[in-house]
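Since the structure comes first, as structure tokens, the remarks are kept for the end.
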Amino acid sequence: MMLLDVIYFILRNSMQIIMRPRTKPIDGELVLITGAGGGLGRLFAQEFTKHGAEVVLWDMNSTTNEQTAKLVSEMGGKAYTYTVDVTNREDVYRNADLVRKDLGRDVTILVNNAGVVAGESILDCPDELMERTMKVNCHALFWTVKAFLPQMKAQNHGHVVTIASVLGLFSTAGVEDYCASKFAAVGFHESLAHELLVEEVSGVKTTLVCPYIVNTGMFEGCKIRCVNRMLAFLEEVELVLPPLEPQYCVEQAMNAILIDQPLVCIPRLTYLPFLSRALLPWESNVVTYRFMGSDKCMYSFIDSKRKQASNGAIKAA
Ligand SMILES: NC(=O)c1ccc[n+]([C@@H]2O[C@H](COP(=O)([O-])OP(=O)(O)OC[C@H]3O[C@@H](n4cnc5c(N)ncnc54)[C@H](O)[C@@H]3O)[C@@H](O)[C@H]2O)c1
Ligand SMILES: *[C@@H]1O[C@H](CO)[C@@H](O)[C@H](O)[C@H]1NC(C)=O
């Protein structure tokens, strides 16, 4: 029976690539998005609004958060903004209570989207920045889930969405803080998903979103460069995986959320390095990384982050 089930789900999930299952209606749901002032968070707010949900926007930057709220109202949607530092658990719990009091109802969809990256490889990276990455990308998931999951479980209705990264499934050089935090986020999310299944809380769904580099500025300058530029055909490599358009990324993630898909990698091609990481010897993966130039792809990002910082220092002076 188990083997039949295994085969059934392989077939069903393959079919779903061609024939999209029906999406669930989310009008009237209350969606809380962290990092709502940023690139993807803002687009998530707009997409959820399009589908008739109301959005609670959390960001520690009140200026950009208000701008997101303004865009949502212009679309005819309802947005409620809160200035919250998700790394501060007291701040998270206090604001969760405040949301419940202000709106008189519970958050039913939690989108943990806030995220940061230090932009320095480990030996150059200030300790505080490494800690910050862990706190925003990993610890904050603990506090928000603790704040909002109890009501979802009580009503057996809800959805927990974690915006991780493909760098939570495989890694590259120079982003130690980020990979550590995103692998942690993936582990946390999966364990939570298992727990909800074991406890048969079938009404609370989970979706793990793992995007490749997106054009939001977060990884500005990052390039998959080919090693050997003398081979003309290799220059095409850069075209194989260009950074994603934020809108495309969020639309794909929304599709997955609306069909209760447990995991989505965007774009699909990134399932390949995920698989080869698990199946091939370490050294085989290293040679494909070298061939693709993905071993050093973060170095150009670190460079451009440094340039930005020194420009900022000059301006400040
Ligand atoms: N941009 C990419 O290439 C990429 C790729 C894969 C995954 N992701 C993930 O997607 C998510 C969104 O990324 P983005 O590109 O929109 O980033 P972004 O930098 O544009 O936005 C991040 C937002 O989070 C907010 N934030 C940061 N720390 C916070 C804190 N402590 N408390 C509250 N808010 C805080 C920031 O103010 C900002 O508005 C992140 O989790 C990121 O790791 C991004
Ligand atoms: C908020 O974001 C804007 C735009 O990125 C930036 O100029 C501003 O300094 C930020 N404010 C805070 C308090 O971080």
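For ligands, and for the atoms within them, numbers begin at 1 and follow the listed sequence. For the numbers below, each heavy atom of this structure counts, side chains included, while hydrogens, waters and symmetry mates do not.
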Kindly print each ligand 2 N/O atom paired with any protein N/O atom under 3.5 angstrom away, one pair per line, or none if nothing qualifies.
from     : atom 1 : to    : atom 2 : distance (Å)
ligand 2 : 2 (O)  : Asn61 : ND2    : 2.2
ligand 2 : 11 (N) : Asn61 : ND2    : 3.0

Pair Ser276-Asn285, side-chain donor/acceptor within less than 3.5 Å: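 Distance-only check passes for Ser276 and Asn285.
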So which bit of [X] gets within less than 4.0 Å of ligand 1, heavy atoms only: side chain, backbone, both or neither?
{"X": "Lys135", "result": "neither"}
{"X": "Met60", "result": "both"}
{"X": "Val116", "result": "side chain"}
{"X": "Val136", "result": "side chain"}

For atom 8 (N) of ligand 1, the option (of Tyr82, Phe44, Tyr178) bearing the nearest heavy atom: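 It is Tyr178 that holds the nearest heavy atom.
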Candidate with minimal heavy-atom separation from atom 9 (C) of ligand 1, of Ala164, Ser165, Pro211: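 Going through Ala164, Ser165, Pro211 one by one, Ala164 has the nearest heavy atom to atom 9 (C) of ligand 1.
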ILVMFWY cluster membership beyond Val198 - transitive side-chain contacts under 4.5 angstrom: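 Members other than Val198 - counting any ILVMFWY side chain reachable under 4.5 Å - there are none.
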Nearest-0.5 Å distance that lies between atom CG in Asp106 and atom CD in Gln155: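 It comes to 5.0 Å.
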Distance (rounded to the nearest 0.5 Å) between Met15 CE and Ile10 CD1: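 The CE atom of Met15 sits 14.5 Å away from the CD1 atom of Ile10.
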Basic-acidic side-chain contact under 4.0 Å: Lys70, Glu66: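 No, this pair does not count.
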Pairing of Glu199 and Lys153 as salt bridge, 4.0 angstrom limit: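 Looking at Lys153 together with Glu199, the answer is yes, because their closest N to O distance falls below 4.0 Å.
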Contact list for residues 111-148, test ring pair (Phe, Tyr, Trp, His ring centres under 6.0 Å), sequence neighbours left out: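 As it turns out, the ring pair (Phe, Tyr, Trp, His ring centres under 6.0 Å) pairs with a partner in residues 111-148, which skip direct neighbours, are Trp58-Phe148, His139-Phe142, Phe142-Phe188.
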Sub-4.0 Å heavy-atom contact, Trp58 with ligand 1: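 Contact check Trp58 vs ligand 1: negative.
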Tyr178 ring center within less than 6.0 Å of Phe219 ring center: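 Under 6.0 Å, so yes.
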Sequence neighbours excluded, every pair satisfying salt bridge (charged side-chain N to carboxylate O under 4.0 Å, His left out) that has a member inside residues 33-55: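 Qualifying pairs: Glu47-Lys50, Glu54-Arg105.
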For atom 11 (C) of ligand 1, closest protein heavy-atom neighbour: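 For atom 11 (C) of ligand 1, the nearest protein heavy atom comes out as Asn113 O, 3.0 Å.
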Atom 24 (O) of ligand 1: nearest protein contact (heavy atom, Å):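 Checking every protein heavy atom, the shortest distance to atom 24 (O) of ligand 1 gives Gly35 CA, 3.4 Å.
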side-chain contact (heavy atoms from CB on, under 4.5 Å) evaluation trace for Ile302 with Lys307: CA-CA 9 Å; Ile302 292 171; Lys307 274 193 202 116; over 6 Å; no
